[in-house]
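Have a look at the structure below before the remarks.
Read the numbers this way: they start at 1 and go in the same order the structure lists the ligands and their atoms. Residues: numbered from 1 along the sequence shown.
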Amino acid sequence: MQSATVAIAATPADVFRDELIRHGHLLPTGVDGLYGRGEAFERVIAAVDAMVGRLAGDDRVEVLRFPPAMSRAGFEASGYFRNFPQLTAGISCFCGDDSAHRRALACTPAEGGWASHMQPADVMLTPASCYPVYPIVAARGRLPVEGWLVDSSSYCFRREPSVDPVRMQMFRQREQVCFGTPDRIRAFQSRWMDRAMAMFAALHLPAATDIANDPFFGRAAPLMRDGQRSQRLKFEILVPISDPDRPNACGSFNYHVTHFAEAYGIHAADGELAHTGCAGFGLERIVLALLRHHGMDPARWPGPVRAALSP
Ligand SMILES: Nc1ncnc2c1ncn2[C@@H]1O[C@H](COP(=O)(O)OP(=O)(O)OP(=O)(O)O)[C@@H](O)[C@H]1O
Ligand SMILES: [Zn+2]
């Protein structure tokens with residue numbers, strides 16, 4: 001009997017990833033979702049980052065920047081592991097003596113290898129750039145009467161390896177974080193969605209808004225998802241990137257009600273629990289959308305797009 005060869009068709013994500021690698025925008029590391037970035041890619045990231053900064057206009061914001069790790073205590077308080085264990089990752093370290101070191105080196109891959117001799121440290125990888133902000137604001141005591149606005153940014157880690165370049169394990173977020181009354185957060189959420197839509201229009205990207213939910217884990221997930229959607233807590237701005245039929249979130253606009261305020265003890269000037277919200281942009285995804293829609297060479301993008309990026 002003749003054996004049939006089954007040809008597996010390359011997915012749109014495979015094709016797009018190969019193209020990005022061929023043009024030197026992403027440098028493969030051998031791990032899905034983990035890449036080096038080429039010079040042109042980084043230049044556009046910086047331009048998009050600056051453009052998001054300009055959207056804030058005259059808002060009085062406190063600028064905070066973070067490394068891609070946060071304290072385990074701060075992470076734990078957020079409830080992230082309860083809701084998203086599948087995305088969680090921490091840092092582990094070697095804490096042994098000389099002989100433990102020798103045992104680790106001698107440990108074969110079949111026995112787990114040297115990495116199985118590492119201990120969880122008091123440091124977790126940051127899952128979203130707003131997370132390190134809450135313990136800092138909480139530690140300052142009550143908020144000012146008018147509330148507070150933070151502009152944060154960091155590399156983020158999510159354990160969601162994928163061949164699709166839009167779904168990375170490490171990527172950068174630029175986020176605005178708002179503290180105050182429910183009205184203030186709702187106004188912040190819609191202001192930032194309008195600003196973001198104007199930005200995508202200026203970048204000539206086909207963007208649409210939609211209501212969304214977070215990828216909750218386990219049995220409680222349907223309930224959590226429905227609650228988030230019925231209360232209209234999360235909106236996304238979606239742009240087709242790898243796959244024209246499956247647009248991806250390039251920006252997310254979230255109202256947390258009092259979730260983080262309860263978790264960290266963040267109080268308004270009158271002592272009530274504060275409400276919080278965040279407006280986050282995925283910088284890599286925006287650059288990938290630009291490369292997808294305008295071509296692999298940023299020098300040849302349409303004039304108005306280049307002008308919007310470097311006014
Ligand atoms: N794995 C990822 N790789 C690259 N960018 C990401 C990734 N996950 C999220 N982002 C970006 O960070 C922004 C804010 O994160 P948020 O948690 O709201 O995303 P999300 O809703 O979980 O995204 P998705 O629905 O695609 O998983 C997203 O709008 C997106 O632009
Ligand atoms: Zn956030």
Within 4.0 Å of some non-hydrogen atom of Ser252, the atoms of ligand 1 are 13 (C), 14 (C), 16 (P), 18 (O), 19 (O), 28 (C), 29 (O)
Nearest heavy atom to atom 6 (C) of ligand 1: which of Phe157, Phe171, Phe84, Phe235 does it belong to?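 Result: the heavy atom closest to atom 6 (C) of ligand 1 is in Phe171.
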As a test of understanding, state which of His25, Gln169, Arg17 forms a side chain to side chain donor-acceptor pair (under 3.5 Å) with Tyr35.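 Checked His25, Gln169, Arg17 against Tyr35; only one passes side chain to side chain donor-acceptor pair (under 3.5 Å): Arg17.
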Examine [X] against ligand 1 and note whether any of their N/O atoms are separated by less than 3.5 Å.
X: Met168; answer: yes
X: Ala249; answer: yes
X: Glu236; answer: yes
X: Asn213; answer: no

[X]/[Y] ion pair, N-O < 4.0 Å:
X: Asp49; Y: Arg174; result: yes
X: Arg102; Y: Asp98; result: yes
X: Asp151; Y: Arg65; result: yes

I need the contact type for [X] against ligand 1. Using non-hydrogen atoms and a strict under-4.0 Å cut-off, is it side chain, backbone, both or neither?
X: Arg285; value: side chain
X: Arg158; value: side chain
X: Lys234; value: side chain
X: Val166; value: backbone

Check contact between Gln169 and ligand 1, using heavy atoms of the residue and a distance below 4.0 angstrom.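 Judged by the 4.0 Å heavy-atom criterion, Gln169 does not count as contacting ligand 1.
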With Arg285 as the cation and Phe171 as the aromatic partner, state whether NZ or CZ is under 6.0 Å from the six-membered ring centre and within 45° of the axis.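 Because its charged atom misses either the 6.0 Å distance or the 45° angle limit, Arg285 does not stack over Phe171.
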Measuring from the Zn ion (ligand 2), name the closest N, O or S atom belonging to Glu175.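 The nearest such atom is OE2.
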